[in-house]
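Order of the sequence lines fixes the chain letters, A, B, ..., with proteins taken first and strands second; residue numbering starts at 1 for each chain.
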Amino acid sequence: MLIKELDIPEDIIRFYEDSGIKELYPPQAEAVDNGLLEGKNLLAAIPTASGKTLLAELAMLKAIRNGGKALYIVPLRALASEKFDRFRELAPFGIKVGISTGDFDSRDEWLGANDIIVATSEKTDSLLRNGTSWMEEITTIVVDEVHLLDSKNRGPTLEVTITKLMRLNPDCQIIALSATVGNAREMADWLEASLVLSEWRPTDLHEGVFFGEAINFLGKQKKIERRDKDNATNLVLDTISEGGQCLVFESSRRNCTGFAKTSSNKVVKLLDREILGKLAVMAEEVESTGETDTAKVLANCIRKGVAFHHAGLNSSHRKIVEDGFRQNLIKVISSTPTLAAGLNLPARRVIVRNYRRFDANFGMQPIPVLEYKQMAGRAGRPHLDPYGESVLLAKEYAEFEQLLENYVEADAEDIWSKLGTENALRTHVLSTIVNGFASDRKQMMEFMGSTFFAFQQDTWSLEEVIDDCIEYLAEHEMVVKDESHDPISLSSTQLGKLVSMLYIDPMSGAKIVDGLKKAVNVNDMTLLHLVCSTPDMRQLYMRSADYARVNDFVMSHSDDFIEIPNEFKAIDYEWFLGEVKTAMLLDEWIREIPADDITQHFNVGEGDIHALADTAEWLMHATTKLAELLKVEHSSHAHGLEKRIHYGASPELMQLVSIRGVGRVRARKLYEAGFVSLAELKKAEYSVLSKLVGPKVAANILSNIGVRVKDKVGKSTPINSNTLDTLLDKEQKTFSDFQ
DNA sequence: TTCTGTTGACTGTAGACAGCATGTC
DNA sequence: CTACAGTCAACAGAA
């Protein structure tokens, strides 16, 4: 099917043809045949890179031309900005695009004034909770990666959000995009959508298992030269010799860095001088952004053409690794599942070095087929690689046969709704009441009766769980139920409304409220621990070496905690210690302990510190608001901590740190040099600042606090005025980007 | 003596969404 | 409460 045959406006056809797209891929054509452009609901269960985005685009453009508005829901922030950037290329058609995620709102006067809005599923839910008016104007909803419905943590939110949207806009077109899964038909039926099911890919994918010196594909073998005792390394070397890149998936961070280290010593021998030179530059960049051990190790690996990638890396390191791989300078990334979904980073060959992963409940477990298929699907860069290969490794013949059968030849599992537990439902039962989707028990059951869970499984068990949730919410004064009515009427309290809007688990809300009421003498640690004790906070794991240290801390700070569980209740106490350990990390963070030290004290990466601080800041914000509502005195204390967690700094730096371009480290330098406030800083000489933080940063800081830099520069140390101009230009640009 | 391989005890285990108001090193 | 892989030290046997 050709683009020009489609029932879409001329200019749009020309746009695609100009960008080299003349013909639709088979699954796309099938979608069109199924009424994609006539507003019909559609579920496309097709591989990544088989043109899902274009499919969604066509439908959105068509709808917008007819006066519609589209919402594009994604599971990850990174994906949201990727799509946002892509859709902004549609600007020539007068299409306005907005983005809304937890850490990034586009500065459009009103998000709803856009034609396409990209948002994460949680953000969408949050927008719904806050009664965003334009939600009712949405005519086309695209749900990317719907198979995430199966995820224990985040599936329920996606499910309820879709249900709410369908309820709100019954005539709305829904386009759901999914990986190939077992029960795609069932999901399509729930969505009242037609189904496009296909394994078609623009680049061939060969899946195989390595055993006995060769990759065994279905029906053929490929011998791999043995240059090292490690098979995965041999596979990597083979790929590079053939001019490809490799993605290696590992089960733990340690293995990740371990493989990068050992394999890099072999890889380096295959690289020429030119590449090594560029890699060295990249390595230096890594080292300049931190003196942590991981930075050094990563830099050393990158010098040899290999990198590792996991959530412990800080964001700049992650970006360097991703970009370096895209530029084909880094030949191998050894990664945890961070790269399995999400980011678009394909490679010639994917090696699944470890198909088992640790689960706290069941020990080492083989990963689901769906997950394997997602990793394998990363193999083969469209239009760049002749084909893609994915390889599992077997140690024995029995294992080899098993892997072939259970992964290569297997079909992905069915998707099962995870909505049916109290933990998953609590927050959604509350928001359903707050938002008026249900004002009595019967309506609640009706609403929940239209979820995928109810579609898929018996509803009687669901009703029981919902009643438990209502009971919990009533007990904690978030919901009032009036049993004199039939059906029992449900309404929300001020507390319930606030908890719903803050987007925290009602259990977190209850814990914080309870803690605030009980707390007697409150200091930083008290509130930090309170926040760390909520289910929304991911606590640190206690390692054997931690017990003594954390326990000592508890003993010497026993007055700081609102409640200390009995030491003989081993499980409770163990949990408590984990919470305290987490609070201790945050405490070091806000006391300006260098990030390098924190990573060592707690055996975490820089990325973990930021992730924890991010969550803590959000929960501390909730604490501030809850304290305000309760009219207890700790609200301003919590507010202060919220800011300190944001910047990771002491109270006396708050003024300096609010200046753009000044973080915890620079603020401390300025403070120690006597510039303790904004007023002091305004009086500062450029030359002095320049010595302190470097010429560029100094100029940047001065311009950011409204001091005319050029005057000051003119008088003191001459600085290349070109540098300064470009600097200021750049500043202007980044600023207007967000206007 | 030095190198290499085996055994057994011990240890540690992936990721990432949300509020609010603007910008780390 | 589960189970595995990687690491390290101690030691035996080969070179």
Open item on the list: Within this structure, what is the CG-CG distance for the pair A:Leu586 and A:Leu527, rounded to the nearest 0.5 Å?
Closed with: 12.0 Å
Could you give the [atom1]-to-[atom2] distance, from [X] to [N], as a whole number of Å?
{"X": "A:Asn704", "N": "B:dC25", "atom1": "CG", "atom2": "P", "value": "12 Å"}
{"X": "A:His317", "N": "B:dT24", "atom1": "NE2", "atom2": "C1'", "value": "13 Å"}
{"X": "A:Asp546", "N": "B:dT11", "atom1": "CG", "atom2": "P", "value": "13 Å"}
{"X": "A:Asn700", "N": "B:dC25", "atom1": "CG", "atom2": "C1'", "value": "12 Å"}
{"X": "A:Leu653", "N": "B:dT24", "atom1": "CG", "atom2": "C1'", "value": "14 Å"}
{"X": "A:Gln374", "N": "B:dA14", "atom1": "CD", "atom2": "C1'", "value": "15 Å"}
{"X": "A:Arg666", "N": "B:dG23", "atom1": "CZ", "atom2": "C1'", "value": "12 Å"}
{"X": "A:Phe602", "N": "B:dG12", "atom1": "CZ", "atom2": "P", "value": "16 Å"}

TODO: Write down the distance separating the C1' atoms in B:dA14 and C:dA5, rounded off to the nearest Å.
DONE: 16 Å
TODO: Considering only atom P, compute the distance from C:dT2 to B:dA18 and round it to an integer number of Å.
DONE: 37 Å
Counting any heavy atom closer than 4.0 Å, what does [X] reach on the DNA or RNA strands: base, sugar-phosphate only, or nothing?
{"X": "A:Ala360", "value": "base"}
{"X": "A:Gly648", "value": "nothing"}
{"X": "A:Ser316", "value": "nothing"}
{"X": "A:Ile504", "value": "nothing"}

- [ ] Verify the neighbour count for atom CE of A:Met501: are there more than 12 heavy atoms of other residues, nucleotides or ligands below 6.0 Å?
- [x] no
TODO: Encode nucleotides 15-20 of chain B as B, S and - characters from 5' to 3', where the letter depends on protein heavy atoms closer than 4.0 Å: B to the base, S only to sugar-phosphate, - to neither.
DONE: BBBBBB
Which residues satisfy the side chain to side chain contact (heavy atoms under 4.5 Å, CB included) test with [X], sequence neighbours excluded?
{"X": "A:Tyr573", "result": "A:Asn551, A:Val554, A:Met555, A:Ile564, A:Pro565, A:Glu567, A:Phe576, A:Leu577"}
{"X": "A:Ala394", "result": "A:Val209, A:Phe211, A:Glu399, A:Phe400, A:Leu403"}
{"X": "A:Glu592", "result": "A:Ala649, A:Ser650, A:Leu653, A:Arg664, A:Arg668"}
{"X": "A:Arg254", "result": "A:Ser252"}

Task: Partner set under ring pair (Phe, Tyr, Trp, His ring centres under 6.0 Å) for A:Tyr72, not counting sequence neighbours - done: A:Phe87
Task: Under 3.5 Å side-chain donor-acceptor pair for A:Lys696 and A:Ser690 - done: no
Open item on the list: Can you list everything that forms a side-chain hydrogen bond (donor to acceptor under 3.5 Å, both in side chains) with A:Asn423? Sequence neighbours excluded, please.
Closed with: A:Arg426
Give me, pair by pair, the N or O atoms of the protein and of nucleotides 3-9 of chain C that are less than 3.5 Å apart, along with how far apart they are.
from, atom 1, to, atom 2, distance (Å)
C:dA3, O4', A:Met364, N, 3.4

Task: Watson-Crick and G-U pairing of DNA chain C written in dot-bracket, each distance under 3.5 angstrom, with | for inter-strand partners - done: ..|||||||||||||
Per the salt bridge (charged side-chain N to carboxylate O under 4.0 Å, His left out) rule, what does the pair list look like for [range], sequence neighbours excluded?
{"range": "residues 597-612 of chain A", "answer": "A:Arg253-A:Asp608"}
{"range": "residues 637-646 of chain A", "answer": "A:Asp524-A:Arg644"}
{"range": "residues 364-374 of chain A", "answer": "A:Glu207-A:Lys373, A:Arg357-A:Glu371"}

Open item on the list: Is the phosphate of B:dG12 approached by A:Arg543 (side-chain N or O, under 4.0 Å from OP1 or OP2)?
Closed with: yes
